[in-house]
Protein chains: 2
Amino acid sequence: MTTPKAASVTDPLEALPGYLLRRAALAAVNELNEQLTPLGLRHADVALLMLVDALPKLTQSEAGRLLDVQRANMVAFVGRLQRRGLIARERVDGRSFALVLTPAGKRQLAAAQQTVKTYEHALLQRVPKALRPMVMPILLALWKGE
Amino acid sequence: MTTPKAASVTDPLEALPGYLLRRAALAAVNELNEQLTPLGLRHADVALLMLVDALPKLTQSEAGRLLDVQRANMVAFVGRLQRRGLIARERVDGRSFALVLTPAGKRQLAAAQQTVKTYEHALLQRVPKALRPMVMPILLALWKGE
DNA sequence: GGAAGATTGATATACTATATAGCATTCTAA
DNA sequence: TTAGAATGCTATATAGTATATCAATCTTCC
């Protein structure tokens, strides 16, 4: 009788909440990215589009702060979406612009929202019903300490 | 009276569990990495050390599968820890080796474990006591659907 | 026992995400 | 009005991750 291997082996990392948090997040983001590929978008793109849509007159660096993306990295990020005609920059100031969605951007966002909605729903669905109401409070607490 | 800005703005992304999951995980990993810098380790290093310690005779590519790291990327990863004298490779097969901790590796791991323990504890502490027992089940469910 | 296919470690390579430093321009506050 | 802060930007570096491919070795099945 051979010793059963990998399958039955106990991974000690799975006892660590921080590790689970990271693995769960990676798996989830990858899944979302896959589902977004038909739209030619990545999760970060959709996040920015949603942000710009929800917070009109949002500035490029304000968006960066909300998304935790360096000012320097926002340039190419926004630039790419602008080149694709999804976002426009409107001077609001001698040094900053407000980001706005173009009509095409709004359409793309609407499509992406559908995907995201389905994805988020499926994600929650994985959690046993009884625990589901605790998901958001727990994740918020883990992120910001409430 | 001016309109209050960024601080009071409602970020629509914060209503999405998937987004919270990712942000929480990023924040947590960054925090752990900071706490590990005195040891010259990154979170992934510690994960591998823990794995190798807990699962003796673990093979390089088995470790990769558990950590979800491509075989190709395990080469440099393990190589770096080997070059630092923390891990050794023992031929077990014409084509594969088992990974084992060197004495120095065991010492480094012990130190790292302390850091990790403190970190994991602080992480859990952020969650209100009543919700704490649900953290692990929820994260496991989000990751693997139970 | 031998051939076909799978597995392992490795190399090369590329792409994404992210971080820092520095710069010119513009705004804000003392 | 001047000192300091903020903004967008460039350049650059690093970490993480992905794919394709290779030679050597192992496994399976006839």
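Bear in mind that the values here come from a model prediction, so they are computed numbers and not experimental data. For the numbers below, each heavy atom of this structure counts, side chains included, while hydrogens, waters and symmetry mates do not. To find a chain, count down the sequence lines: A is the first, B the second, and so on, and within it residues start at 1.
- Distances shown here put a side-chain N or O of B/Arg65 below 4.0 Å from the OP1 or OP2 atom of C/dT8.
- Applying the salt bridge (charged side-chain N to carboxylate O under 4.0 Å, His left out) test to residues at least two apart or on different chains, the pairs with a partner in residues 36-49 of chain A are A/Asp45-A/Arg80.
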### Query
Reading nucleotides 25-30 of chain C 5' to 3', which nucleotides get B (base under 4.0 Å from a protein heavy atom), which S (sugar-phosphate only), which -?
-BS---
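- Atom CZ in A/Phe77 sits roughly 12 Å away from atom C1' in C/dT16 (whole-Å rounding).
- Residues A/Leu140 and A/Lys144 are in side-chain contact: their nearest non-hydrogen atoms beyond the backbone lie under 4.5 Å apart.
- To the nearest angstrom, P of C/dA17 lies 12 Å from CG of A/Leu41.
- Checked against B/Tyr19 for a side-chain contact (heavy atoms from CB on, under 4.5 Å), the options A/Leu139, A/Leu67, A/Val116 give a single hit: A/Leu67.
- Each end of the helix from C/dG1-D/dC30 to C/dA30-D/dT1 gets its own axis, taken as the rotation carrying the C1' atoms of four end pairs onto the next four within a five-pair window, and the two axes meet at 40° to the nearest 10 degrees.
- The backbone N or O of A/Val92 lies less than 3.5 Å from no partner atom in the side chain of A/Ser96, so there is not a single donor-acceptor pair.
- Listed by chain and residue number, nothing satisfies the side chain to side chain donor-acceptor pair (under 3.5 Å) test with B/Glu34 (two or more places apart in sequence, or in another chain).
- Side-chain atoms of A/Asn30 come within 3.5 Å of backbone atoms of A/Leu26 as a donor-acceptor pair (strictly under, hydrogens ignored).
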### Task
Encode nucleotides 9-18 of chain D as B, S and - characters from 5' to 3', where the letter depends on protein heavy atoms closer than 4.0 Å: B to the base, S only to sugar-phosphate, - to neither.
BBB---SSBB
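- Salt bridge annotation for A/Arg23-A/Glu14: absent, with no cationic side-chain nitrogen under 4.0 angstrom from a carboxylate oxygen.
- Formation of a donor-acceptor pair under 3.5 Å by the A/Ser61 side chain with backbone atoms of A/Arg71 is not found in this model.
- Residues B/Glu31 and B/Arg126 are paired through a salt bridge, judged by an N-O separation under 4.0 Å between the basic side chain and the carboxylate.
- Scored by the side chain to side chain donor-acceptor pair (under 3.5 Å) test, B/Gln70 finds no partners at all (sequence neighbours excluded).
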